[in-house]
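Reviewing the structure listed below.
We name chains A, B, ... by the order of the sequence lines, and we start the count at 1 in each one. The analysis underlying the following values was restricted to heavy atoms, covering all of them including side chains, and did not include hydrogens, waters or symmetry mates.
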There are 2 protein chains.
Amino acid sequence: MKEYTDKQASIAHFAKALGHPARIAILHFLASQETCFFGDIHDVLPIAKATVSQHLKELKEAGLIQGDIEGPKVRYCINKENWELARVVFADFFNDCVCKKGSCGCREEQHD
Amino acid sequence: MKEYTDKQASIAHFAKALGHPARIAILHFLASQETCFFGDIHDVLPIAKATVSQHLKELKEAGLIQGDIEGPKVRYCINKENWELARVVFADFFNDCVCKKGSCGCREEQHD
DNA sequence: TTTATTGTTCGCAAAAATACGAACAATAAA
DNA sequence: TTTATTGTTCGTATTTTTGCGAACAATAAA
């Protein structure tokens with residue numbers, strides 16, 4: 001009956017931003033390239049530029065990337081601070097959430 | 001123009017499953033309780049049982065949890081193997097995707 | 001056998017996410 | 001100034017997600 005905690009909302013928020021292959025591909029690309037203009041990103045994705053722009057906006061709103069205007073172009077980049085924050089948030093989450101050995105009565109074997 | 005890789009799809013898939021506070025709350029709860037019946041989970045969430053059941057189904061389909069029928073009850077538990085897989089997938093992702101120092105031309109300071 | 005208890009599934013409604021082309025604004029080049 | 005390049009925003013359509021109550025199935029209890 002209780003509401004969600006800020007921590008839970010925060011994890012879910014980051015996870016949601018990562019919950020689309022296009023956005024993962026964008027982050028992969030940003031990490032691999034030295035030049036990361038909008039056009040370069042668009043070139044490696046199978047979607048229209050309007051859609052790419054939308055995905056970039058979501059990543060920006062989640063704080064995971066930033067964009068700098070350079071002339072008529074826009075240079076995108078991973079936001080290092082929040083990236084590190086997200087890394088820690090996920091690492092903590094996976095560390096906290098473990099079925100302690102023997103603490104639950106679930107069967108060991110997997111089933112469907 | 002290229003499609004997404006299996007790895008990108010896999011990360012996005014796990015992230016999507018984690019992209020709702022109710023599902024994060026469920027995982028937190030499963031990790032903290034010794035008894036994890038459906039009813040116990042429902043009791044700590046602010047949503048109807050039909051909705052809880054739906055979220056559990058999604059987590060199950062993502063492979064993150066499993067459910068065992070015990071009498072008329074159902075005992076849920078984190079799926080340790082896939083949990084470990086997800087942990088590694090995210091850890092790798094955050095390690096791979098870093099804006100190498102000085103490799104991109106983004107401004108250092110944050111802006112809006 | 002009848003009645004509770006426990007969860008899932010069904011059917012539906014509302015909201016959000018995804019995607020696109022067209023129109024637009026801003027800068028750079030001619 | 002006119003034209004081209006670069007991205008964003010707008011409007012819209014489609015799909016997916018989220019949520020609920022009601023109906024249902026399965027086991028346990030009376």
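For the atom pair NE2 of B:H55 and CD1 of B:I41, the computed distance is 12.0 Å after rounding to the nearest 0.5 Å. Atom CD1 of residue B:I24 and atom OG of residue A:S10 lie 9.5 Å apart, to the nearest 0.5 angstrom. B:E3 contributes atom CD, which lies 10.0 Å from atom CG of A:L45 (distance to the nearest 0.5 angstrom).
Below 30°, between 30° and 60°, or above 60°: for B:Y4 and A:H20 the angle between ring planes is above 60°, a perpendicular geometry.
As judged by a 4.0 angstrom heavy-atom cut-off over every strand, A:K73 is placed among residues touching the sugar-phosphate backbone only. When heavy atoms are screened at a 4.0 angstrom cut-off, A:A50 is found touching base atoms of the nucleic acid.
Projected onto DNA chain C by closest heavy-atom contact, A:G19 and A:G71 fall at different nucleotides, the more 5' of which corresponds to A:G19.
When distances run from any side-chain atom of B:H55 to the nucleotides C:dG21, D:dT8, D:dG19, the shortest one goes to D:dG19. Ranking D:dG19, C:dT8, D:dT9 by closeness to the B:I47 side chain, first place goes to D:dG19. Set against C:dA23, D:dT9, C:dC20, the side chain of A:K57 has D:dT9 as its closest nucleotide. Distance from the side chain of A:V74 is smallest to D:dG7 among D:dG7, C:dT18, D:dT18. Distance from the side chain of B:H20 is smallest to D:dG19 among C:dG7, D:dG19, C:dA23.
B:E58 places its CD atom 15 Å from the C1' atom of C:dT9, with the value rounded to the nearest Å.
Where DNA chain D pairs in unbroken runs of 3 or more (Watson-Crick or G-U, both distances under 3.5 Å), the stems are C:1-30 with D:1-30.
In this model, a side-chain donor or acceptor of A:Q54 finds a partner on the base of C:dA19 within 3.5 Å.
For B:H42 and B:F37, the distance between ring centers is not under 6.0 angstrom.
Contact check, B:S53 against C:dG7: no side-chain N or O comes under 4.0 Å of OP1 or OP2. OP1 or OP2 of D:dT8 lies within a sub-4.0 Å distance of a side-chain N or O belonging to A:Y76.
Using a 4.0 Å cut-off on heavy atoms, none of the residues of residues 11-18 of chain A approach DNA chain D.
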